[in-house]
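To start, the structure under review is shown below, and the notes come after it.
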Amino acid sequence: MIRLIGVFVFVLIYSGVCAQSTEGQVWTEKGFKGQIVKKLDYGVEWTNRIGNQGFETMFPQLSMKYKITDWFRPSIDYRLILKRQLNSNYDASNRLNFNIQFSKLFDRLDLGMRFRYQYSFDNVSNANYEPDFDKAFRLKPSLSYDIKNSILTPNSSIEFFYNLSNGPFGKRFTKTRLFVGVDFELTGPHEVSLGYIYDQSLNLPDPDYRHILNLSYCYKIPSKKKDKSKKKGVRWL
């Protein structure tokens, strides 16, 4: 597994060197989550986005999620975004995510839909509009399948970014992000996932294309009462 990840990272970096508009990155997510009161959960995460220049973006995140029903869960996230500039310094930006998550379970097939409005206090981008960091509306359908008698749960999603501003690149879709991965059902409070992301800019000058290896780990703090739910935790990002 370690050799496979090493080869994958090499291919990503090599592709970024060979093609100016194509970049390979590795995204790592690690954190913990728990329950404040019944139906109200919290999550804390730290994300690193590693590219050709090293740690290109880092952000801690604090999330709050409320379970209204089994299929409807609104949430809010706060991020402090640290983005590397050409002079190697990191510019800071603050962002809020307002999320509405719908999900429906059909036996072992779980279908989901997330609507997100992201509001940035400060733009970390000084030139072109960047869907990841500036104000945007995001739509993300997803699905996962719990394989019987297996520790693997494959899942996939595709996300669409829409620029809501009135600027020269406003009122249009600016990015799509395809994710294909697998969750590992481990014993205890540990949640681990591995996936591939294809990130593509749309309707923007100098569009970017990214091939991304995504690694995620989350520690679930046990609540006082035993969790009888069979459904896996939902990834915060």
Side-chain angles (χ1 to χ4, degrees), residues 1-16 22-34 41 43-51 57 59 61 63 65 70-71 73 75 77 99 101-114 116 132 138-161 175-200 209-222 227 229-237:
M1 175 64 72
I2 296 178
R3 289 184 179 180
L4 178 61
I5 294 175
V7 171
F8 192 87
V9 171
F10 174 79
V11 172
L12 294 182
I13 295 176
Y14 181 78
S15 66
T22 302
E23 183 182 5
Q25 290 191 347
V26 176
W27 292 3
T28 62
E29 304 162 5
K30 50 188 175 294
F32 59 91
K33 63 182 179 180
D41 298 337
V44 178
E45 283 193 353
W46 182 280
T47 298
N48 294 319
R49 295 183 177 180
I50 307 167
T57 308
F59 50 85
Q61 174 173 298
S63 303
K65 179 178 291 188
D70 288 337
W71 55 270
R73 302 185 183 191
S75 63
D77 314 319
N99 311 299
Q101 177 77 39
F102 298 92
S103 63
K104 180 65 176 179
L105 187 63
F106 299 92
D107 193 12
R108 293 182 175 275
L109 179 64
D110 190 2
L111 301 180
M113 177 69 73
R114 188 188 71 186
R116 167 177 289 179
D132 273 319
R138 296 162 62 168
L139 173 66
K140 183 180 180 182
S142 62
L143 62 88
S144 65
Y145 186 79
D146 185 11
I147 301 175
K148 188 176 181 179
N149 299 325
S150 174
I151 65 170
L152 304 180
T153 300
N155 57 86
S156 65
S157 65
I158 183 169
E159 190 166 18
F160 303 91
F161 295 67
K175 180 189 286 284
T176 60
R177 179 175 292 165
L178 174 66
F179 173 85
V180 179
V182 62
D183 294 333
F184 297 87
E185 297 182 10
L186 305 177
T187 57
H190 308 285
E191 297 180 359
V192 177
S193 66
L194 172 67
Y196 164 77
I197 298 173
Y198 178 68
D199 188 90
Q200 176 183 3
Y209 304 90
R210 296 175 181 170
H211 300 279
I212 301 162
L213 175 65
N214 182 245
L215 304 170
S216 178
Y217 170 79
C218 183
Y219 179 84
K220 185 177 180 180
I221 299 176
D227 186 5
S229 174
K230 296 182 180 180
K231 187 173 180 180
K232 292 175 63 61
V234 179
R235 189 177 316 196
W236 291 98
L237 294 184

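I50 contributes atom CD1, which lies 9.0 Å from atom CG of L215 (distance to the nearest 0.5 angstrom). Remark: L109 CG to D107 CG distance equals 8.5 Å, nearest 0.5 Å. With rounding to the nearest 0.5 angstrom, the OH atom of Y217 is 12.0 Å from the OG atom of S193. For the atom pair CD1 of I197 and CG of L178, the computed distance is 9.0 Å after rounding to the nearest 0.5 Å. Note that CD of E23 is 5.5 Å distant from CZ of R210, once rounded to the nearest 0.5 Å. In this structure, the separation between CG on L105 and CH2 on W71 is 15.0 Å, given to the nearest 0.5 Å.
The shortest distance between side-chain heavy atoms of N155 and S142 does not fall below 4.5 Å. Annotation: side chain of L111 is not in contact with side chain of S103 (no heavy-atom distance under 4.5 Å). In this structure, the side chains of H211 and Y196 come closer than 4.5 Å at one or more pairs of heavy atoms. Side-chain contact between D77 and R116: present, with at least one pair of heavy atoms (C-beta onward) separated by less than 4.5 Å.
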With side chain to side chain contact (heavy atoms under 4.5 Å, CB included) as the criterion, how do Y145 and R108 come out once you've worked through the C-alpha distance, each side chain's angles and the decisive distance to 0.1 Å? CA-CA 6 Å; Y145 186 79; R108 293 182 175 275; 3.7 Å; yes
Please determine whether salt bridge (Lys or Arg N to Asp or Glu O under 4.0 Å) holds for the pair D41 and R73, giving the CA-CA distance in whole Å, both sets of side-chain angles, and the decisive distance to 0.1 Å. CA-CA 10 Å; D41 298 337; R73 302 185 183 191; 5.1 Å; no
Verify side chain to side chain contact (heavy atoms under 4.5 Å, CB included) between L194 and D183, making sure each step is shown before the conclusion. CA-CA 7 Å; L194 172 67; D183 294 333; over 6 Å; no
Would E191 and F184 satisfy side chain to side chain contact (heavy atoms under 4.5 Å, CB included), going step by step from the backbone distance to the final call? CA-CA 7 Å; E191 297 180 359; F184 297 87; over 6 Å; no
Quick one: do L139 and M113 satisfy side chain to side chain contact (heavy atoms under 4.5 Å, CB included)? Show the steps, please. CA-CA 8 Å; L139 173 66; M113 177 69 73; 3.3 Å; yes
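The shortest non-hydrogen separation linking P141 to I158 is CD-O, 2.9 Å. The shortest non-hydrogen separation linking S157 to K140 is OG-CE, 3.4 Å. Of all the heavy atoms in C218 and K33, the pair that sits closest is SG-CG, 3.7 Å. For the pair S150 and E185, the tightest heavy-atom approach, listed with the atom from each and the gap, is O-OE1, 3.8 Å. Between H190 and L186, the shortest heavy-atom contact is O-CB, 4.0 Å.
Side-chain atoms of S63 and Q61 form a donor-acceptor pair, as typed in the model, at a separation below 3.5 Å. There is no side-chain donor-acceptor pair under 3.5 Å between E29 and W27. Side-chain N/O atoms of R114 and N99 include no donor and acceptor closer than 3.5 Å.
Looking at D110 and K104, no side-chain N of the basic residue comes within less than 4.0 Å of a carboxylate O on the acidic one, giving no salt bridge. Salt bridge present: R177 and D132 bring a charged side-chain N and a carboxylate O closer than 4.0 Å.
Relative orientation of the Y198 and Y209 rings is parallel, given thresholds of 30° and 60° on the angle between their planes.
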